[in-house]
Amino acid sequence: MKRKTGFDRSKTLNWRLETRMVRGGTLRSDFDETSEAIFMTSGYAYEQAEDAAARFKGEQDGYTYSRLRNPSVAMFEERMALLEGAEDARATASGMAAVTAALLCQLRAGDHVVSARALFGSCRWLVENLLPRYGIETTLVDGRDISAWAGAVKPNTKVFLLETPANPTLDIVDLQAVADIAHAAGAKVVVDNVFATPLLQRPLEYGADVVVYSTTKHIDGQGRCLGGVVLGSSAFINDPLLPFLRNTGPTLSPFHAWIMLKGLETLTLRFDRMCENAAKVADYLADQTGLLNVRYPSRKDFDQHELAMRQMQGVGGTILTVTVPGGREQAFALLNAMEIIDISNNIGDSKSLMTHPASTTHQGLTEAARLELGITEGMLRLSVGLEHPDDLIEDLGQALRKVGLKG
Ligand SMILES: *Cc1c(COP(=O)(O)O)cnc(C)c1O
């Protein structure tokens, strides 16, 4: 492989973000292709037996088996590291594989984890159900409350886990303040940065140690395939992450890595437009009478507006929530009345998608746990896509009229 285009870290670090996303990490084969090649291979051949022995010993550069490394996946990992400003990255088959690996690789029986309670449903399951099975203690806190993080620390606390903005409540966690508490306690901070993306928020700059993504969301961004990535220091990636990934095998397919590379090429364009559209839709919904509550971080009426804008470069993101007064019945009626916006629990797609978290992404929680988070029966989560915002607004308008929330 030639390494002339985008794998020379010292050169690519001089590139601006847009250039990194189009060219970062590119390896070019002897065929001089412009688009990154898809290396659909599980294994690699060696010239001589001595080469195989040297590669297995780590004394010779090169690939050995695609559970360990693959050139297409390596291109995606390098491009993500450049985007995040991380020393290194490893891709996984899904966002949940990334979160699971980031936690399990560094925890053992007897350790303690402090986690924000407002989490994606499966992340919350990991913390509440999976970790305790292996003798890892966990404490859930209100992530917005800095004193709660400090109060939950124990002598055996090893990891803090959080999402900001959280799915679906949009709770914001003060990254710097929480990282300071974690580090004072000798713990590492793992941040799930799916909602903000590296375009709005790079948690490592605020002291986080590890960042994870579901690249299924904005990075593919076109609803095609699942993927994930774990980013951090070279030391963290080399050990403990790599031995865990290599031996447990939650590997990203080379084909999916290629789709993610293509997604990154247009990420700034898509994401900027989706955020603009989301802000317009949020303002429209907030202007309608009869709606209980619209939450969108860049609106002045968002309860953590100042912190959100400070951490997210003044942009609200692609996701908002709207809570209707008539509970589940009215929320379902509104979903069913939509003609353009799909009923779907994915986010970050170029198609606008709406879901009822209480009956889908967070149905696994008890009702009490949902209410503690503010996930009521009337709450809907809307991920705004790339359609014309006026079409989305008209679609919401006709649906609101049908359910009696607009005159
Ligand atoms: C979707 C999502 C995940 C899980 O990602 P998958 O790719 O679906 O496995 C984790 N965290 C957050 C915040 C998400 O939105």
Side-chain angles (χ1 to χ4, degrees), residues 73 76 80 84 89-104 115-131 140 143 160-173 175 189-201 203 208 210-231 245 248-253 256-257 259-260 263-264 271 274 278 297 311-312 317-321 344-349 351 353-357 360-365 373 375 381-385:
V73 179
F76 172 58
M80 281 303 304
E84 191 70 33
R90 282 298 180 276
T92 55
S94 69
M96 283 321 301
V99 178
T100 306
L103 294 175
L104 285 185
S115 170
R117 65 189 187 197
L119 289 181
F120 180 70
S122 293
C123 297
R124 179 118 174 195
W125 181 87
L126 280 183
V127 170
E128 284 192 287
N129 294 288
L130 187 74
L131 297 183
L140 290 168
F160 278 20
L161 172 68
L162 63 98
E163 275 169 39
T164 180
N167 185 356
T169 60
L170 303 172
D171 283 3
I172 308 289
V173 178
L175 287 165
V189 181
V190 177
V191 178
D192 180 337
N193 203 38
V194 164
F195 271 41
T197 82
L199 297 181
L200 295 190
Q201 175 175 285
V210 179
V211 180
V212 293
Y213 290 98
S214 164
T215 64
T216 315
K217 312 297 166 57
H218 303 90
I219 289 168
D220 168 31
Q222 289 145 88
R224 299 168 294 193
C225 63
L226 282 87
V229 67
V230 184
L231 302 110
L245 290 181
T248 60
T251 317
L252 184 67
S253 151
H256 290 180
I259 292 175
M260 298 299 173
L264 283 175
F271 188 74
M274 284 158 68
Q311 273 182 186
M312 292 164 62
T318 64
I319 292 144
L320 57 103
T321 64
S344 177
N345 46 277
N346 199 3
I347 56 162
D349 197 298
K351 293 184 170 66
L353 308 173
M354 205 169 190
T355 195
H356 179 248
T360 60
T361 54
H362 289 71
Q363 61 86 27
L365 298 188
L373 296 177
I375 304 174
R381 185 192 72 192
L382 173 58
S383 171
V384 179

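Start at 1 with the first residue, then count along the sequence. Ligands are counted one by one from 1 in listed order, and the atoms in each one are counted from 1 as well. Keep in mind that what you see is a predicted model, and the values were worked out from it rather than measured. Values below: all heavy atoms of this structure, side chains included; hydrogens, waters and symmetry mates excluded.
- Residue P357 forms a side-chain contact (heavy atoms from CB on, under 4.5 Å) with just one option from N167, I375, L365, and that option is I375.
- At a heavy-atom cutoff of 4.0 Å, ligand 1 is contacted by the side chain of I347 but not by its backbone.
- Selection from F195, F120, Y213 by nearest heavy atom to atom 4 (C) of ligand 1 gives F120.
- Annotation: atom 11 (N) of ligand 1 to nearest protein heavy atom, D192 OD2, 2.6 Å.
- If you check which protein heavy atom lies closest to atom 9 (O) of ligand 1, you get M96 N, 2.8 Å.
- In the vicinity of E163, heavy-atom distances shorter than 4.0 Å reach the ligand 1 atoms 13 (C).
- Going from atom CD1 of I259 over to atom SG of C225 covers 4.0 Å, rounded to the nearest 0.5 Å.
- N193 and Q201 are linked by a side-chain donor-acceptor pair at a separation below 3.5 angstrom, with hydrogens and angles left out of the test.
- The distance from ligand 1 to the heavy atoms of N167 drops below 4.0 Å at these ligand atoms: 15 (O).
- Cation-pi check for K217 over F271 is not met; the charged atom does not lie both under 6.0 angstrom from the ring centroid and within 45 degrees of its normal.
- For ligand 1, the atoms sitting less than 4.0 Å from at least one non-hydrogen atom of G95 are 5 (O), 6 (P), 7 (O), 9 (O), numbered in the order shown with element in parentheses.
- Side-chain contact check for R124 versus R117: some heavy-atom pair is nearer than 4.5 Å.
- Every atom of ligand 1 is numbered from 1 in the order shown, and the set under 4.0 Å from a heavy atom of K217 is 1 (C), 2 (C), 3 (C), 5 (O), 14 (C), 15 (O).
- Using a 4.5 Å cut-off on side-chain heavy atoms (C-beta onward), Y213 and E84 make contact.
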